[in-house]
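Predicted model only: the values in this text are computed from it and were never measured. Proteins come first, then strands; the chains are lettered A, B, ... in the order of their sequence lines, and each starts at number 1.
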There are 2 protein chains.
Amino acid sequence: MNTNKLSYIEESGLFFEKLGLTRMAGRALGYLMICDRDAVSFDEIREALDASKGSISGTAKMLVNTGLVDAVSLPGDRKTYYRVSRTRVGDMLRQRISMFEAYSELLLKGKSLKSRTDETSEWLDETARFYSRVSAELHKLIDHWESGAQPVKSDHSKKKKKKKSKK
Amino acid sequence: MNTNKLSYIEESGLFFEKLGLTRMAGRALGYLMICDRDAVSFDEIREALDASKGSISGTAKMLVNTGLVDAVSLPGDRKTYYRVSRTRVGDMLRQRISMFEAYSELLLKGKSLKSRTDETSEWLDETARFYSRVSAELHKLIDHWESGAQPVKSDHSKKKKKKKSKK
DNA sequence: CATTTAGTTCACTAATTATTGAACCTAATG
DNA sequence: CATTAGGTTCAATAATTAGTGAACTAAATG
């Protein structure tokens, strides 16, 4: 594999590590993104990343469980293949949104525990409302995008891009 | 301190730990939110959290550096006091948005490294455009909110402010 | 100048976690 | 049935990191 691709794989490893995956999972995902193949076997991933079977085993499970990667099996072939998930683009964001909601709730709970009203309680209240709003707007944005403003899944029809209506 | 507040502090510790702070920093922030005092000294925090000076020292620096907490000093008093930051509500979100932008760029870079067009490259492109859009919309939302759609900072209008005179 | 106050710094401990590599498992194949 | 392919599991290692506590510093106070 060429140097650019190898360093992309490392970059991807570091990026997803920041998001809470393991570095190895980030590497594997980066590899799947750029490897120009429809699906890649367990052992091909292991070799490309120069890692142990144990590590790839855990990594593959993690990526499939979080929905970032799809496992693919083929008739007459006992290997498992992997590829970047065909899920909708918003799926990853939805998880993040739940953090905003949890934050909003944490702030409101904090406010309710206070026994006086002060600038901090006002801040708690406003910030909670803000993140609640952020969450709602993001859900709207995802729904709008996924409802066809942009084509998403391979749908076996002709790819014609419909223009987005102005918001 | 009552049990509810103590467990809120722990809950806050765990929450912010998930966001990448230390557990102690999350505890401190939770404590500042609910402690019903205008500002709290280093040693009061240390005592409330039953932690070491070293830990609170690092924690206080971290919270002030990330803008979540303001340090306050008073004339004729050599202690440093801390309180939940008076920054605008969007400040914390802005940092998160930069991750969406970084993600979008990572995906586009991945696409550019591919030597063929396939479903994965379409996915890379669309997902990149989606997160770029998410980022833009969030910036708009923050600007709108902070520009006065909702009151944010203690301004110099009708809100009455209390003077601190502690010693 | 000596003491006190308010923190800072740092070596160490404790805890967690990713990765390895070898042993193990199980379904398919010879 | 024995072997092999394709993983899974787990004990051990490596690496990172939070928190402690004691030694230290710098500024204010007596």
To the nearest angstrom, the OH-P distance between B:Tyr82 and C:dA6 comes to 12 Å

Taken to the nearest whole Å, CZ/A:Phe42 to C1'/D:dT8 is 8 Å

B:Glu44 CD to C:dG7 P, in whole Å, measures 10 Å

**Prompt:** Under 3.5 Å, is there an N or O donor on one side and an acceptor on the other linking the side chain of B:Arg78 and the base of D:dT29?
**Reply:** no

If you measure from the Lys or Arg side-chain nitrogens to the Asp or Glu carboxylate oxygens, is any gap between A:Arg88 and A:Asp143 under 4.0 Å?
no

note: B:Ile56, atom CD1; D:dT20, atom P; distance rounded to Å ~ 8 Å

When rounded to whole Å, the CD1 to P distance for the pair A:Ile45 and C:dT19 reads 14 Å

To the nearest 0.5 Å, atom CG of B:Asp118 lies from atom CZ of A:Arg83 at 11.0 Å

Taking only the side-chain nitrogens and oxygens of A:Lys53, find out if one of them lies under 4.0 Å from OP1 or OP2 of D:dG6. no

Hey, does A:Lys79 reach any base, or is it just sugar-phosphate, or nothing, if we go heavy atoms under 4.0 Å?
sugar-phosphate

Residue set satisfying side-chain hydrogen bond (donor to acceptor under 3.5 Å, both in side chains) with B:Lys53, at least two apart, ordered chain then number -> none

Among the nucleotides C:dG21, C:dT9, D:dT20, whichever has the atom closest to the side chain of B:Ser52 is D:dT20

So that I can tick it off, tell me whether B:Arg23 and B:Glu10 are bridged by a salt bridge, with the cut-off set at under 4.0 angstrom between side-chain N and carboxylate O. no

To the nearest angstrom, the CZ-P distance between B:Arg46 and D:dT20 comes to 10 Å

- Verify the contact: side-chain N or O of B:Ser55 to OP1 or OP2 of D:dT20, cut-off strictly under 4.0 Å; return yes or no. yes

Hey, does B:Ala60 reach any base, or is it just sugar-phosphate, or nothing, if we go heavy atoms under 4.0 Å? nothing

When rounded to whole Å, the CD to C1' distance for the pair A:Glu17 and D:dT16 reads 10 Å

B:Arg23 CZ to C:dA14 P, in whole Å, measures 17 Å

Of A:Gly76 and A:Arg27, the one whose nearest nucleotide on DNA chain C sits closer to the 5' end is A:Arg27

DNA chain D nearest-nucleotide lookup for B:Met62 and B:Gly54: closer to the 5′ end is B:Met62

B:Thr80 near the nucleic acid: base, sugar-phosphate alone, or nothing, with a heavy-atom cut-off under 4.0 Å?
-> sugar-phosphate

Within the structure shown, what part of the strands sits under 4.0 Å from B:Thr22 by heavy-atom distance: base, sugar-phosphate, or nothing?
-> sugar-phosphate

Which of D:dG19, C:dT9, C:dT19 is nearest the side chain of B:Met24? It is D:dG19

_If the threshold is 4.0 Å, N to carboxylate O, is there a salt bridge linking B:Glu105 and B:Lys109?_
no

